[in-house]
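If you're wondering where the values come from, they're calculated on a predicted model, not measured in any experiment.
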Amino acid sequence: MKPFFGSKQRTWGLRLDILSEDELEDIHLATLELLQKTGIFVENSEALDLFANAGAQVNRQTKMVKIPPHLVDESIRSAPSRVTLYGRNPKHDLVLDTTRVHFTNFSEGV
């Protein structure tokens, strides 16, 4: 929960804007092109079924999935803007949203 001071809502923490909006858009468009033209390798047959049912182009022999841009954009729009990763102890819960940055000392952040 964000603390309030008077009539202004405050966010604790650091804000770091490394990339401009144009640069972020360029990365997004390049990612869409890569997913559509090159695709991704997916080994799990259930995941291949899910991609196929959603409208992706699935090659079951090579296990490559090519994802059209509209499917990526629909997925982004339907994703929640806030996710909570719950710890065994509630004091270790981690909220992921657009106003928080977290760091981990290992690669997966599990």
Side-chain angles (χ1 to χ4, degrees):
M1 179 139 215
K2 296 179 183 178
F4 284 87
F5 296 100
S7 64
K8 295 183 180 178
Q9 190 173 12
R10 305 287 182 178
T11 301
W12 298 112
L14 170 72
R15 180 177 172 96
L16 183 61
D17 293 319
I18 297 173
L19 302 171
S20 70
E21 290 297 320
D22 287 341
E23 290 168 323
L24 291 171
E25 180 68 11
D26 288 345
I27 291 169
H28 177 66
L29 293 174
T31 302
L32 291 176
E33 183 178 356
L34 180 74
L35 291 171
Q36 182 178 27
K37 292 183 178 180
T38 304
I40 59 173
F41 178 75
V42 178
E43 289 186 277
N44 184 282
S45 61
E46 187 177 346
L48 290 170
D49 292 339
L50 290 170
F51 276 114
N53 291 336
Q57 181 184 350
V58 175
N59 183 323
R60 293 188 184 276
Q61 288 181 323
T62 63
K63 298 184 180 182
M64 291 298 294
V65 176
K66 294 183 178 180
I67 306 170
H70 72 88
L71 188 57
V72 176
D73 288 333
E74 283 176 29
S75 298
I76 292 170
R77 277 193 300 278
S78 69
S81 60
R82 178 184 171 125
V83 175
T84 302
L85 304 178
Y86 293 96
R88 289 187 181 127
N89 183 327
K91 76 177 185 177
H92 298 298
D93 291 356
L94 189 66
V95 177
L96 307 177
D97 65 19
T98 59
T99 64
R100 298 168 193 240
V101 176
H102 301 283
F103 298 94
T104 181
N105 60 352
F106 49 94
S107 64
E108 294 296 323
V110 176

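Atom CD of E21 has 12 or fewer neighbouring heavy atoms from other residues, nucleotides or ligands inside a 6.0 Å radius. The environment of F41 atom CZ is dense: over 12 non-hydrogen atoms of other residues, nucleotides or ligands sit within 6.0 angstrom.
Here the closest non-hydrogen pair linking I67 and L71 is CG2-CD2, 3.8 Å. Nearest heavy-atom pair across A56 and P68 is CA-CD, 3.9 Å.
In the hydrophobic cluster analysis, where Ile, Leu, Val, Met, Phe, Trp and Tyr join through side-chain heavy atoms closer than 4.5 angstrom, L35 is grouped together with L48. Under the 4.5 Å side-chain heavy-atom criterion for grouping Ile, Leu, Val, Met, Phe, Trp and Tyr, I76 is connected to L32 within one hydrophobic cluster. Hydrophobic clustering of Ile, Leu, Val, Met, Phe, Trp and Tyr side chains at less than 4.5 Å, counting indirect connections, keeps L34 apart from I27.
Put simply, OG1 on T31 and CD on Q36 are 12.5 Å apart, with the number rounded to the nearest 0.5 Å. Distance check: E25 CD to S20 OG gives 10.5 Å after rounding to the nearest 0.5 Å. If you take CG on L85 and CG on L94, they are separated by 5.0 Å, rounding to the nearest 0.5 Å. For the atom pair K63 NZ and N44 CG, the distance stands at 9.0 Å (nearest 0.5 Å). Of the inter-residue distances, the one linking T38 atom OG1 with K66 atom NZ reads 7.5 Å to the nearest 0.5 angstrom. The distance from atom CG of L19 to atom CG of L24, rounded to the nearest 0.5 Å, is 5.0 Å.
Looking at heavy atoms from C-beta onward, H28 lies in side-chain contact with D73 at the 4.5 angstrom threshold. Taking the side chain as every heavy atom from C-beta outward, R60 and V42 never approach each other to under 4.5 Å.
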